[in-house]
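Everything on this sheet refers to the single structure shown next.
One is the number of the first residue; the rest follow in order along the sequence. Start at 1 and go down the list; that is how both ligands and their atoms are numbered.
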Amino acid sequence: MAKSIQSVRGMNDLLPGRSDLWHTVESAIRSVVGSYGYQEIRTPLVEHTELFQRSIGEQTDIVEKEMYTFLDNNSDSLTLRPEATAACVRAGIEHGFLHNQTQRLWYLGPMFRHERPQKGRYRQFHQFGIEALGWSGPDIDAEILLVGTRLWRQLGLSGLTLEINTLGTSDARTRFREALRDYLGTRREEIDKDSQRRLQSNPLRILDSKDPGTREVLDTAPDLLDFIAGDARADFDTLQHLLTANGVEYRVNSRLVRGLDYYTGTVFEWTTGSFGAQSAICAGGRYDELVTQLGGRAMPAAGFACGLERLVDLYEHSGGCGASEPFDVWICILGDNAVSRGFSVAERLRDQGLRVMANCGGGGLRKQFRKADQSGACFAVVIGEDEIKSQTLTVKSLRTEEEQTRLSEEQLVEYIKRER
Ligand code: HAM
C-alpha cells in the first residue's frame, strides 16, 4: 500500500461534522456587519512581500520569522498573506475607492503564519475582520467595538474581556519610547534576550514580552498613558464615554501594545480565559499612517481582526451548536428499476424547496429506513416494484405515529408541505 500523505503541520481540514458550527458563526458575522453597513472585500491570498514589510514592519515577529515567502517563476518575491489589513489598504489605493471617500469594509478568509502550532495557534488560520477607512474620531473606534460586542452577544459568548489603550500621537510615542529605552537600559541584564535586541529597534514591543523576569522589570517602567495629552487624551476619554454609555464593559491597560507596527492611536484586544495561552480572540486599533506608508493620500483608519478558529471554539465552549437543517424527505429506492423514478420524485420535491436525500448504493428496505431515521428526516418515501406498477408512492412519517400511506406524486408534495 502506498504511504499516505498528511496535511501540512499547522494547517487543518475542516471536517463535515464541524462545518455547520462554522456556518452558524459565519452567518452571525454576516448579519452583524451588515447591520452596521460594512461591505465585503475579498483580496488575493498572495501579495508582494513588500506590502507586509512596509506595513506590519520589518522588525516584527510576523515579518522577521513567520511569513511564507517564495520567489515565483518571474523571481518576484511573494508572500501568503499573514493578515488582511494591509491588503485592504492596498486595494483601496489601487482601485481609487479611498479617494475622498469613507469606506466600511469587512473580510473573512485564510491567513498564514509560520508559528509553532498548538491549540488555538495554527499556520493556516482564518480571520474575520472589519476596516473603517476615512474617519479620524473616537466615534468610529466606538462603533468598531460595538460591532464586536454585538457579535459576541449574538453568539451567546461569555467570559470575554475587552482591554483598551491608546498609543497617542507620534510625538508622544517618541517621548515614551525614549523614556522606556532609558529605563530598560539601566536594567538591561534583567530582561530577556529578545527584549535586549529590541531595546534599540522597537522598545514598545518589549511591553508585550511574556518573559517573567522582563515582566517584573516592566512593573515599574514608565506608563504610556502619562505621555498622552491634548486631543489624543480627549479622544481616548470620549471613546470611554461612548463605550460606557452603550453598555460595553472594558478595562484600560496602559501596557497593551500590538505586535504590528502600523498602529497609531486606540488599540484594543478581547481575550478569554477559556483556552490557556492563546487567549486573544479579536484585536485591532487605529492605523492613521498606513495609507500614506503604502503610497496613498493621508487617510485615518481603524479596524480589528478576529481569529475564527478561536471564535468557533469559544462559541462551542459557550454551548453553541451548528444549525444544520434536517432533511424533509429521505427517498428509499428498492431495486435498479426504481432509481430513475426515485430520482425524478426527489428532483420534483427539491423544485418545491424541500431538502431531499435520495438513497444511493442500493440496500434493503430495513437498512434504508434505518439510514433515513438516523438522518433526522421527517418522512421516508418508498419507491419499489409495487409503487412503480401502481403509479403511487408509499410515505411514512419518521417522527410521528401516523400510519404509512399511499399517495400519488401530486398528493405527495401537498402532503409533505402540510405535515412537515
Ligand atoms: P493580530 O493580532 O495579528 O491582528 O491577529 C488578530 C487575531 O487573529 C488574533 O487576536 C487571533 O485571534 C487571530 N490569530 C492570529 N494569529 C493566529 C494563529 N497563528 N492561529 C490562530 N489565530 C490567530 C491582525 O491581524 C490585524 N490585521 C488586526 C487589525 C485589523 N488591526 C486593524 N485592523
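Within the listing of ligand 1, atoms 3 (O), 4 (O) sit less than 4.0 angstrom from a heavy atom of L260. Against a heavy-atom cut-off of under 4.0 Å, G284 is close to the following atoms of ligand 1: 31 (N). Counting the atoms of ligand 1 from 1 in the order shown, those under 4.0 Å from a heavy atom of E115 are 16 (N), 17 (C), 18 (C), 19 (N). Atom numbering of ligand 1 starts at 1 in the shown order; those under 4.0 Å from a heavy atom of I281 are 10 (O), 12 (O). For ligand 1 and F304, the ligand atoms under 4.0 Å from any heavy atom of the residue are 29 (C), 30 (C), 32 (C), 33 (N). Of all atoms in ligand 1, listed by their number and element, those nearer than 4.0 Å to a heavy atom of G120 are 20 (N), 21 (C), 22 (N). The ligand atoms of ligand 1 that sit less than 4.0 angstrom from a heavy atom of A283 are 2 (O), 28 (C), 29 (C).
Taking only nitrogen or oxygen atoms, main chain and side chain alike, G307 reaches within less than 3.5 Å of ligand 1. For ligand 1, none of its N or O atoms has an N or O atom of I130 under 3.5 Å away. In terms of N/O distances under 3.5 Å, ligand 1 is approached by A280.
The pair R215-D208 does not count as a salt bridge, with every side-chain nitrogen at least 4.0 angstrom from each carboxylate oxygen. Classification of E163 and R251 as a salt-bridged pair holds, one side-chain N sitting under 4.0 Å from a carboxylate O. For E40 and R42, the salt-bridge test passes: some basic side-chain N is under 4.0 Å from an acidic carboxylate O. Electrostatic pairing of R18 and D313 counts as a salt bridge here, judged by a charged N lying under 4.0 Å from a carboxylate O. A salt bridge is absent between E115 and R123; no separation between the charged side-chain nitrogens and carboxylate oxygens falls under 4.0 Å.
Nearest-residue assignment for atom 24 (C) of ligand 1 (options R310, K119, Q127; heavy-atom criterion): Q127. The residue from E83, R113, E269, M111 that puts a heavy atom closest to atom 27 (N) of ligand 1 is E83. Nearest residue to atom 33 (N) of ligand 1 from R121, E66, E131, E309 is E131 (criterion: closest heavy atom).
Residue R297 qualifies as open at atom CZ: its count of foreign heavy atoms under 6.0 Å is 12 or below. Heavy-atom neighbours of D226 CG from other residues, nucleotides or ligands within 6.0 Å: above the threshold of 12. In this structure, E216 places its CD atom where only 12 or fewer heavy-atom neighbours from other residues, nucleotides or ligands lie under 6.0 Å away.
Nearest protein heavy-atom contact of atom 18 (C) of ligand 1 is F125 CD2, 3.5 Å. For atom 20 (N) of ligand 1, the nearest protein heavy atom (residue, atom name, distance) is Y122 N, 3.0 Å. The protein atom (non-hydrogen) at minimum distance from atom 32 (C) of ligand 1 is G303 O, 3.2 Å. For atom 31 (N) of ligand 1, the closest non-hydrogen atom of the protein is Y263 OH, 2.6 Å.
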Output, in order, the C-alpha distance, side-chain angles, deciding distance and verdict of side chain to side chain contact (heavy atoms under 4.5 Å, CB included) for I331 and V356. CA-CA 7 Å; I331 311 266; V356 183; 3.7 Å; yes
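Contact analysis puts R258 in contact with ligand 1, with a non-hydrogen atom separation below 4.0 angstrom. Using a 4.0 angstrom heavy-atom cutoff, Y262 counts as in contact with ligand 1. At least one heavy atom of C282 sits under 4.0 Å from some atom of ligand 1.
Cation-pi contact between R355 and F327: present, with separation from the ring centre below 6.0 Å and deviation from the ring axis of at most 45°.
For D72 (side chain) and N74 (main-chain N/O), a donor-acceptor pair under 3.5 Å exists by modelled atom type. Looking at E131, its side chain never comes within 3.5 Å of a backbone N or O of C88 through a donor-acceptor pair.
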